[in-house]
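In what follows, a single structure is set out as structure tokens and then discussed.
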Amino acid sequence: MRRRSLLAMGAAGGTAAVLGTGTSALAATSGVTADSRIWAKHDHDFDPTSLRALGSRIGMHIGSALIPQDIDTPSYAAIAASQFNVYTPGNEMKWQVVEPEPGVYDWTGADNLVHFAEQNGARVRGHTLLWHNQLPTWLTTGVANGSITTSQLWGLLEQHVFIEVGRYRGRIWQWDVANEFFLDANPSGIDPNNFWIQALGPTCIPKAYIWAHEADPGAILVYNDYNIAGEDGTNAKSDAVFAWAGQMLDQGVPLMAIGNQGHLDTQYGFSGQRFQADLERYTTLGLKVAITEADVRTFVNNATDQVPTDNLALFAQPFEFGQMIKAAIAVPECLSFTVWGFTDADSWVPGFFTGEGYATLYDVNLNPKPAYYELQQDLMESAGVRHHVRTRNG
Ligand code: 9MR
């Protein structure tokens, strides 16, 4: 085995626990048994048209980001429950939300999502522990004005990881530990102006993985970023993340998977072949991969109706979704394919990209779009495509 032992043990611990197939060496030493992480079967897994049921035939979970209204609105919740079997909180596990004031925690949204997942036989992707964005104001202000010292910040970060990961120990399948640290540049690399890099230096990233692993040895620990499977055209960002991941593994850091977000835009080029090759390259390090935030945006008439202004986008949008899921299906180490919200009605896209929308699988009235049927078709055709079919529960 090329890579070092801590990682191998960590990955094995996560996988064995998820599979429920036995007690890994790591689990045995940590006291966490495989049985502590049992994922229920659910009726939706037997509906032959649902994305989650089709995905489970090839051992790949199909997921969506959920925001509170997806859980609270019955028509939305019905789709979330019937089509997807892994959920990522869109915002509810971010530091800004869970600790709005120092030492004052609000777990309402995060607890609701975990509960919803458990009720529906679905898993959870925790998102995200170490990110420059959506930090509490008290923390960013304190760092900026010096009232939070460097050593206090180290302590706050460690505490944040232990409290949040510890709270959901045994109930989170994958954790996006670090998020979006790499530059959109050629060559790429860790952004020296990132809030955390400026405040603590790059060693805060491996530290976060080590703490998260201690807090929940069964969770699969992911590095999550966008444009890290060739979407930048040059492959520079993928090259940089690949090199960094190898270094982390050589140092024994419990990094276990790479999450490529998959935020596409029909106005740019996209190579499904490059995408798949980059996913495969990460797996040569012994890592799993996941598609974590897929959506495909395009120009639309207005943010309310989100009708594409270019008729060709009606073909390009589902096509690019298809390219992504075909690549995910072709890579046996791809754990899950998650969309960043399932309906245009509550997608983040219109609020962030002026004039764009139509990025998801369902229209603003919750009708499935061609992209939905594309994924369904690709999954239906996928039996036999994967090199091996995994038999994970749930
Ligand atoms: O979907 C999230 C949106 O509601 C927030 O306003 C935004 C703040 O940056 O974050 C969005 O989710 C992001 C995710 O956490 C990380 N990758 C990019 C996603 C889209 O911006």
Side-chain angles (χ1 to χ4, degrees), residues 63-73 76 80 84 86-100 106 108-110 112-113 124-137 139-140 160 164 172 174-184 188 190-191 193-196 205 208 221-229 231-232 237-238 241 257-265 268 289-298 303 306 321 324 336-362 364:
S64 179
L66 300 183
I67 56 177
Q69 81 180 75
D70 298 325
I71 296 171
D72 299 340
T73 313
Y76 287 49
F84 304 101
V86 56
Y87 307 135
T88 310
N91 294 301
E92 284 61 43
M93 287 187 181
K94 293 171 180 172
W95 199 335
Q96 181 184 61
V97 175
V98 301
E99 195 182 1
D106 182 357
T108 317
N112 285 345
L113 182 134
V124 179
R125 299 191 74 264
H127 176 86
T128 175
L129 299 167
L130 184 62
W131 191 28
H132 62 272
N133 215 346
Q134 291 181 280
L135 291 168
T137 309
L139 187 136
T140 50
H160 170 64
E164 180 150 7
I172 304 278
Q174 305 173 32
W175 258 113
D176 288 337
V177 176
N179 192 48
E180 298 174 7
F181 271 87
F182 282 76
L183 282 169
D184 299 315
S188 181
I190 290 177
D191 181 359
N193 295 319
N194 177 287
F195 171 87
W196 289 107
I205 307 177
L221 304 186
V222 182
Y223 174 72
N224 191 52
D225 210 330
Y226 59 89
N227 290 2
I228 58 168
E231 304 96 321
D232 58 358
K237 203 166 171 184
S238 178
V241 171
I258 301 293
N260 182 43
Q261 294 179 1
H263 293 294
L264 304 185
D265 186 325
Y268 306 122
V289 291
I291 307 305
T292 55
E293 306 184 11
D295 53 20
V296 184
R297 60 187 183 270
T298 195
Q306 297 184 50
F321 257 114
M324 285 197 280
S336 51
F337 183 94
T338 294
V339 295
W340 202 244
F342 57 83
T343 166
D344 293 339
D346 62 16
S347 164
W348 69 294
V349 167
F352 277 72
F353 298 94
T354 308
E356 294 191 76
Y358 195 74
T360 73
L361 305 179
Y362 288 78
V364 292

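Keep in mind that what you see is a predicted model, and the values were worked out from it rather than measured. Basis for what follows: all heavy atoms, side chains included, without hydrogens, waters or symmetry-related copies. Read the numbers this way: they start at 1 and go in the same order the structure lists the ligands and their atoms.
- Between Asn133 and Glu180, the side chains place no donor N or O within less than 3.5 Å of an acceptor N or O (distance only, hydrogens not considered).
- Using a 4.5 Å heavy-atom cutoff, the side chains of Gln261 and Asn179 are in contact.
- Listed by chain and number, the residues in a side chain to side chain contact (heavy atoms under 4.5 Å, CB included) with Thr343 are Tyr76, Ala345, Asp346, Tyr362, Leu366 (sequence neighbours excluded).
- Distance CD1/Ile291 to CE/Met324: 7.5 Å, rounded to 0.5 Å.
- In this structure a side-chain-to-backbone donor-acceptor pair under 3.5 Å is present from Lys237 to Tyr226.
- Listed by chain and residue number, the protein contacts of ligand 1 are Asn91, Lys94, His127, Trp131, Asn133, Gln134, Asn179, Glu180, Gln261, His263, Glu293, Trp340, Trp348, Phe352 (heavy atom within 4.0 angstrom).
- Ring geometry for Trp196 versus Trp95: interplanar angle under 30°, hence parallel rather than tilted (30 to 60°).
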